[in-house]
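For reference, the structure is listed below as structure tokens.
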Amino acid sequence: MGGWYRKEIKSVADLKGLKMRISNLAGAVLTKLGVVPQSIPGGEIYTALEKGTIDAAEWVGPYDDLKLGFNKVAPNYYYPGWWKAARNFLCTSTTRPGRP
């Protein structure tokens, strides 16, 4: 789990029914934990969090996300998301064969 959450996540049970802006493989996996993935363009994440349309969002990373003010509407941040490491591994292993 990684990203910005409107409410504190204390257990897997807190993910049940959670509407989260997340996509692709991560969204499919989190669905198994009860998360309801939402497909929302980057420019609409702040407003969706602010209005409660979504309960959580995963975007770029803390530095860029803070510039967008996500911390103002979703004060709970969890890092890292396991999908970030997977993306980096896939990129490294396919574009730079033989290199760690």
Side-chain angles (χ1 to χ4, degrees):
M1 131 181 114
W4 300 91
Y5 294 74
R6 290 169 40 101
K7 296 180 181 175
E8 186 177 1
I9 304 297
K10 296 180 181 179
S11 72
V12 174
D14 293 333
L15 299 175
K16 183 83 172 154
L18 185 95
K19 295 174 291 185
M20 182 174 190
R21 189 271 176 213
I22 194 160
S23 59
N24 302 324
L25 175 63
V29 171
L30 290 178
T31 297
K32 303 291 185 184
L33 298 174
V35 172
V36 181
Q38 306 291 308
S39 179
I40 297 174
E44 297 176 18
I45 295 173
Y46 182 92
T47 304
L49 283 167
E50 182 179 48
K51 292 183 176 183
T53 305
I54 58 175
D55 305 305
E58 182 277 332
W59 188 234
V60 176
Y63 180 78
D64 292 311
D65 295 355
L66 284 170
K67 286 193 235 177
L68 296 173
F70 292 169
N71 58 309
K72 296 175 186 171
V73 291
N76 302 290
Y77 185 69
Y78 298 98
Y79 184 85
W82 56 267
W83 51 86
K84 298 292 187 183
R87 179 177 61 205
N88 292 341
F89 171 75
L90 292 173
C91 177
T92 301
S93 65
T94 57
T95 59
R96 298 170 47 186
R99 300 180 90 181

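What's counted below: heavy atoms across the whole structure, side chains too, no hydrogens, waters or symmetry copies.
- Counted within 6.0 Å of CG on Asn71, heavy atoms from surrounding residues, nucleotides or ligands total more than 12; the atom is thus considered enclosed.
- Hydrophobic clustering of Ile, Leu, Val, Met, Phe, Trp and Tyr side chains at less than 4.5 Å, counting indirect connections, keeps Ile9 apart from Val36.
- Of all non-hydrogen atoms in Pro62 and Tyr79, the two that sit nearest each other are CD-CE1, 4.0 Å.
- Contact check for Tyr46 versus Phe70: side-chain heavy atoms found under the 4.5 Å cut-off.
- Listed for the Asp64 side chain is no donor-acceptor partner under 3.5 Å among the backbone atoms of Gly61.
- What you find for Glu8 and Asp14 is that their closest heavy atoms are O-OD2, 4.0 Å.
- Looking only at side-chain heavy atoms (C-beta outward), Gln38 and Met20 stay at 4.5 Å or farther from each other.
- Of all non-hydrogen atoms in Pro37 and Gly27, the two that sit nearest each other are CG-O, 3.4 Å.
- By the 4.5 Å heavy-atom criterion applied to side chains, Ile45 and Leu68 are not counted as neighbours.
- Between Trp59 and Gly42 the shortest heavy-atom distance is CH2-CA, 3.4 Å.
- Atoms CG and OG1, on Leu15 and Thr31 in that order, are 11.0 Å from each other to the nearest 0.5 Å.
- Proximity of a side-chain donor or acceptor of Arg6 to a complementary backbone N or O of Leu49 within less than 3.5 Å is detected.
- Note on Val12: it clusters hydrophobically with Leu18, by side-chain heavy-atom contacts below 4.5 Å among ILVMFWY residues.
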